[in-house]
Amino acid sequence: MPGQPDFALREFAAHPAQSRGRRHAEPAAGDRTEFQRDRDRIVHSNAFRRLMYKTQVFVNHEGDHYRTRLTHSLEVAQIGRTVALALGLNETLTEAICLAHDLGHTPFGHAGQDALNHCMRNFGGFEHNLQSLRIVDELEEKYAEFDGLNLTFETREGILKHCSRSNARELGAVGRRFLERTQPGPEAQLADIVDAIAYNHHDVDDGLRAGLLDVDALCTQPLFEIPYREVTNHYPRLSRRRMVHEVKRRMINHVVSDLIAESQRRLDASGAKDADDVRAHSERVIAFSSEVAAQHLGLKRFLMAHLYRHPDVVAMQERASDVIQKLFAHLSSRPNRIPAAFRDRRGVGPDSSVDQRMRLVADYLAGMTDRFALSMLEEIEADVEARAGLK
């Protein structure tokens, strides 16, 4: 098999030949491992391509250089692959999980998710991790013999980072750990923590680029202050753009090096003989040291206070929430506005339950890009104005 050779995998890593399999049986992947096949299916999915036009922090049209959900996912995968190789975990499985973890995100980032969850509060709610699993299990339309992408258990396990107990009961084997309070496999643990590394550090970069974060204020955070002093002392004449990049590079290197060292220590101490031993362990084995964990949490809290709650960002979030709520209200009262193929594909019609009809609206809304959502709302509002003018 091509890709990472078996001898490079530690005993507790996910071995493709030992996968728990797919929901629908398929012939072997041929020249690819099962996890390579998963990765390739994710990259070729419609949901993955739409991430290009979905907000990370700044709405897509605010600027060409801000992160989108797509570039964020690629950055998560790059960090994940680096750490996986260093720890002897399965690089390709890690990459697949990282690339798929945000497939279910709404337009307009967390503001869009919160708004859609509010709209769906009486119909089961909305959560993007569960939606990501729904996309790969049901909503993608690529294959003749099954709905979704039919990914392996291990990739699906990593995609589902969070889940309520009520939802977990409906998900079979992949939801069992939320009921039994066990850990996910090591690659899933890794994908979760490198997601946090990527958004913490790259949001610093985007916040500085937008002029919403201040270097002096950031210097209250050890993760930023230490490399900042190193860079400015060694390169006093460096341009601001290069300085920011050099600091961010050193920040990421610091936390990744710590993650590798601490995770290696925990894995060795655990005595795990296979991935199921990792799942049964009392705590996660892929983790920062206590010192870096505190620094990382401090930076996260700083960003919450100074970036995510900045008046300019809050204004964008309020506008985004308004767009989602208006679209939901319109589509839930006029389901015929949803393309017939989309409705028919999900078997939703006039005789369907309210919950089914509202879930159809949520699926349609969650799949929109920022620009499609804005365009649809403009079209709806133009129609309303035109009708009002005829009265």
What heavy-atom pair brings [X] and [Y] nearest, and what distance separates the two atoms?
X: Asp277; Y: Lys273; value: OD2-N, 2.8 Å
X: Ala14; Y: Leu9; value: O-CD1, 4.0 Å
X: Val174; Y: Leu160; value: O-CD2, 4.0 Å
X: Ala47; Y: Glu140; value: N-OE2, 2.8 Å
X: Leu179; Y: Arg165; value: O-NH1, 3.3 Å
X: Tyr308; Y: Val314; value: O-CG2, 3.9 Å

Are the side chains of [X] and [Y] in touch, meaning some heavy atoms are under 4.5 Å apart?
X: Arg343; Y: Asn336; answer: yes
X: Ile380; Y: Leu327; answer: yes
X: Arg250; Y: Glu230; answer: yes
X: Lys326; Y: Glu381; answer: yes

Can a donor-acceptor pair be found, under 3.5 Å and without considering hydrogens, that links the side chain of Ser332 to the backbone of Ala329?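 Yes, the answer is positive, given that a donor and an acceptor are paired below the 3.5 Å cut-off.
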Side chain to side chain contact (heavy atoms under 4.5 Å, CB included) with [X]: which residues, sequence neighbours excluded?
X: Ala293; answer: Phe288
X: Tyr143; answer: Arg41, Phe146, Leu149
X: Ser321; answer: Ala115, Gln325
X: Arg177; answer: Glu157, Thr182, Pro184, Arg284

Looking just at side-chain N and O atoms, do [X] and [Y] make a donor-acceptor pair shorter than 3.5 Å?
X: Ser19; Y: Glu154; result: yes
X: His202; Y: Glu75; result: yes
X: Arg49; Y: Asn46; result: yes
X: Gln36; Y: Asp40; result: no

With [X] via side-chain hydrogen bond (donor to acceptor under 3.5 Å, both in side chains) - residues at least two apart:
X: Ser289; answer: Asp258
X: Asn200; answer: His296
X: Arg242; answer: none
X: Glu11; answer: none

Check the hydrophobic clustering (I, L, V, M, F, W, Y; side-chain heavy atoms under 4.5 Å; chains of links allowed) and say if Tyr199 and Leu297 are grouped together.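 Shared cluster, no.
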What's the spacing between [X] [atom1] and [Y] [atom2] if we round to 0.5 Å?
X: Leu267; Y: Gln189; atom1: CG; atom2: CD; value: 8.0 Å
X: Leu223; Y: Leu299; atom1: CG; atom2: CG; value: 6.0 Å
X: Ser45; Y: Leu51; atom1: OG; atom2: CG; value: 7.5 Å

Counting only heavy atoms not in Lys248 (residues, nucleotides, ligands), do more than 12 fall under 6.0 Å from its NZ?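 Counting neighbours around NZ of Lys248, more than 12 heavy atoms of other residues, nucleotides or ligands fall under 6.0 Å, so yes.
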Just wondering, are more than 12 heavy atoms of other shown residues or ligands nearer than 6.0 Å to CD in Glu141? yes
Name of the residue among Arg357, Arg345, Arg134 meeting salt bridge (charged side-chain N to carboxylate O under 4.0 Å, His left out) with Asp363: Arg134
Between Lys54, Arg69, Lys161, which is the residue that forms a salt bridge (charged side-chain N to carboxylate O under 4.0 Å, His left out) with Asp102?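 When salt bridge (charged side-chain N to carboxylate O under 4.0 Å, His left out) is applied between Asp102 and each of Lys54, Arg69, Lys161, only Arg69 qualifies.
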Qualifying ring pair (Phe, Tyr, Trp, His ring centres under 6.0 Å) pairs with a residue from [range], counting only residues at least two apart or across chains:
range: residues 111-131; value: His105-His128
range: residues 255-281; value: none
range: residues 309-346; value: Phe342-Tyr364

Using a strict 4.0 Å threshold on nitrogen-to-oxygen distance, state whether Asp137 and Arg22 make a salt bridge.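 Not counted as a salt bridge, because no side-chain N and carboxylate O are separated by less than 4.0 Å.
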Which ILVMFWY residues can you reach from Ile97 by hopping between side chains whose heavy atoms are under 4.5 Å apart?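 Ile97 clusters with Phe35, Leu93.
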Can we call the ring centroids of His72 and His101 under 6.0 Å apart? yes
